[in-house]
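Counting starts at 1 for both ligands and their atoms, in listed order. Quantities reported herein were computed from a predicted structural model and do not represent experimental measurements. Heads up: numbering here begins at 1 and tracks the sequence.
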Amino acid sequence: MTTQPRARKQVLQEVNPFEMAQRQFDRVADLIGLNEDARQILRQPLREFRFQIPVRMDDGRLQVFIGYRVQHNDARGPAKGGIRFHKAETLDTIRALAMWMTWKTAVVDIPLGGGKGGVAVDPASLSRRELEALCRGWIDQIWRNIGPRIDVPAPDVGTTPQMMGWMMDEYSKLAGEYTPGVITGKPVEGGGSPGRAEATGFGVVYQIREAMKRLGLDPKQSTASIQGFGNVGQHVALAFTDPDILGGRVVSVSYWDREDRTAYTVTRPEGIDPRELIGITDEFGSIDKREAQRRGYLIEDGMAWLRKEVDVLVPAALEAQITKHTVKLISPKVKILAEGANGPTTPEADRELEARGILVIPDFLCNAGGVVVSYFEGVQNEMNYYWDRKEVLERLDRILTRSFHEVFQVAEEGGFYPRDAAYVLAIDRVVKAMQMRGWI
Ligand code: NAD
């Protein structure tokens with residue numbers, strides 16, 4: 001039984017995310033009787049780029065990295081999606097993520113399409129100068145095929161606001177004009193939007209709050225357990241425990257220990273202190289477990305987060321974590337599964353969650369906060385006028401709260417599983433845009 005934590009490379013050998021994304025799409029296409037023309041276009045990306053990025057390394061060697069950009073669909077607006085630097089990145093992971101971006105922008109109804117990019121590299125293995133050369137090299141190869149009206153990248157796993165700053169600078173040099181809107185997730189001092197760093201995690205919690213209203217749960221009495229303690233996991237923990245947002249208790253967070261090359265769960269039954277743990281976590285989301293232990297936290301195995309008797313589980317690490325095997329570890333007490341990560345649940349596990357009546361907030365709705373604030377960043381760049389953090393987060397909350405209830409209304413009216421309902425809504429919007437443009 002596969003219940004041990006696995007590295008992403010191993011996960012990707014077992015589950016091909018693009019096949020998973022296509023299976024989810026096919027299921028809903030069958031449910032709603034989608035016509036063949038729309039299916040043909042939407043099952044595959046519109047455009048795919050694979051390119052070499054030669055980088056002169058610090059020791060004088062030339063190393064050739066492989067970069068990707070996939071534009072799944074741009075019927076509703078420019079393609080939009082992050083760039084990942086991860087050593088297990090493949091064209092198929094990028095295709096899946098690009099496809100999910102199309103549904104994500106459509107389900108929250110912002111005027112953008114779906115894309116994704118990446119490089120198969122462990123960013124922690126490069127020096128700062130090598131990383132900058134790689135970021136600039138990525139732009140040098142693809143700059144003619146991206147732009148504020150074509151395709152707008154952003155950070156994702158393994159990439160940072162600083163890297164977006166270098167990429168924006170490189171594009172602006174090549175284009176011959178300052179073009180902040182070519183990329184989002186930039187540092188706030190360099191055309192970024194306040195609120196972008198916390199947007200995804202806070203957005204997850206805004207929707208957990210709405211789910212609790214539907215289920216009649218008291219947020220102040222609620223508990224959660226989180227997988228992953230990077231950008232998303234940390235901000236979920238902060239918002240979940242913030243009395244002005246939700247005011248619940250987070251009992252566990254898990255993470256991938258870079259030293260031991262395995263995952264652990266850090267637990268404190270009376271509630272973790274997210275700020276304290278963030279203070280002892282590195283920039284890649286790896287917690288200093290000795291220090292955590294010294295401060296009274298319990299260190300458990302990497303799957304312990306999933307076995308906790310809590311109200312809410314938040315996978316916020318990787319794809320394919322909740323499988324037909326691991327789904328059996330989930331306690332009967334769990335009422336909400338809020339998917340902070342992209343693609344954390346396999347289709348087989350979905351059937352089990354559905355049978356058990358767990359309220360699933362599906363990934364491309366649940367973690368859409370990042371892309372919504374990325375969209376706000378592009379809007380502010382175009383206006384050359386910037387909102388403050390409070391305004392950004394209020395606008396974000398309004399969009400996500402509306403989208404959450406739209407999806408759950410479709411689910412109720414059509415008797416759909418929430419993931420299927422989110423697909424129904426998203427596919428319908430993309431198909432209407434393609435029809436309006438005369439593509440089908
Ligand atoms: P990150 O790199 O900042 O953090 C990832 C975290 O997951 C780290 O704490 C890492 O230690 C942990 N991790 C890795 N493997 C693990 C394992 N086997 N078990 C437990 N923990 C493990 O990444 P992030 O930006 O927080 O993204 C997390 C997920 O959320 C990804 O699926 C990403 O695509 C998705 N997402 C991110 C954003 C965003 O704005 N950052 C937006 C939408 C979706």
Side-chain angles (χ1 to χ4, degrees), residues 2-12 17 80-89 93-94 96-98 100-101 104-105 108 114 116 118 122-124 154-161 164 184-185 193 195-204 225-237 252-266 277-278 281-289 300-306 314-322 326 338-345 362-374 377 396 400:
T2 324
T3 54
Q4 293 307 310
R6 292 146 308 148
R8 181 157 181 249
K9 195 165 190 166
Q10 201 184 341
V11 169
L12 296 177
K80 183 88 193 88
I83 304 170
R84 282 191 171 193
F85 283 2
H86 192 287
K87 66 178 185 314
E89 220 52 81
T93 58
I94 311 257
L97 291 157
W100 284 323
M101 285 306 299
K104 194 178 295 192
T105 53
V108 294
K116 206 82 178 187
D122 174 8
D156 200 284
V157 175
T159 52
T160 62
M164 301 303 108
T184 60
S193 175
R196 173 63 184 89
E198 54 271 53
T200 305
F202 278 30
V204 169
S225 173
I226 304 171
Q227 184 189 37
F229 204 56
N231 174 280
V232 181
Q234 291 178 13
H235 288 104
V236 167
S252 295
V253 295
S254 78
Y255 74 100
W256 182 260
D257 193 283
R258 283 161 27 82
E259 210 178 275
D260 295 359
R261 310 208 57 73
T262 187
Y264 293 112
T265 302
V266 178
L277 280 187
I278 290 168
T281 300
D282 72 14
E283 58 180 318
F284 305 102
S286 185
I287 300 173
D288 180 342
K289 67 175 179 311
E300 302 178 280
D301 68 274
M303 292 308 293
W305 76 279
L306 193 62
V314 185
L318 312 170
E319 306 85 1
Q321 295 300 296
I322 302 176
T326 60
E339 297 182 334
N342 286 309
T345 306
D363 53 0
F364 63 83
L365 169 68
C366 192
N367 67 37
V371 77
V372 171
V373 174
S374 272
E377 183 176 332
L396 172 68
L400 293 181

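For Ala96, the side chain to side chain contact (heavy atoms under 4.5 Å, CB included) partners at least two apart in sequence or on another chain are Pro17, Phe18, Ala21, Trp100. Under the rule for a side chain to side chain contact (heavy atoms under 4.5 Å, CB included), the partners of Thr345 that lie at least two apart in sequence or sit in another chain are Ile322, Leu337, Glu339, Ala349, Asp350, Leu353, Arg419.
The heavy-atom pair separating Thr159 from Arg84 by the smallest distance is CG2-C, 4.4 Å.
Of all the heavy atoms of Ala199, none lies under 4.0 Å from any atom of ligand 1, so neither backbone nor side chain is involved. Looking at Thr200 against ligand 1, only its side chain comes within 4.0 Å, counting heavy atoms. By the criterion of a heavy-atom distance under 4.0 Å, the side chain of Arg196, and not its backbone, is placed next to ligand 1. Neither the backbone nor the side chain of Glu319 has a heavy atom within less than 4.0 Å of ligand 1. If you look at Val371 next to ligand 1, there are no close heavy atoms at all, none under 4.0 Å. With a 4.0 Å cut-off on non-hydrogen atoms, Ala317 touches ligand 1 through its backbone as well as its side chain. Of the heavy atoms in Phe284, only backbone atoms (N, CA, C, O) come closer than 4.0 Å to ligand 1.
A tilted orientation is assigned to the rings of Tyr264 and Tyr255, their planes being inclined by 30° to 60°.
Within ligand 1, counting atoms from 1 as listed, the ones closer than 4.0 Å to a heavy atom of Leu318 are 15 (N), 18 (N). Per-residue contacts place Ala341 under 4.0 angstrom from the following atoms of ligand 1 (heavy atoms of the residue considered): 29 (C), 30 (O), 32 (O), 35 (C). In summary, the atoms of ligand 1 found under 4.0 Å from a heavy atom of Phe229, numbered by their order in the structure, are 6 (C), 8 (C), 9 (O). Taking every heavy atom of Lys104 and a limit of under 4.0 angstrom, the matching atoms of ligand 1 come to 43 (C).
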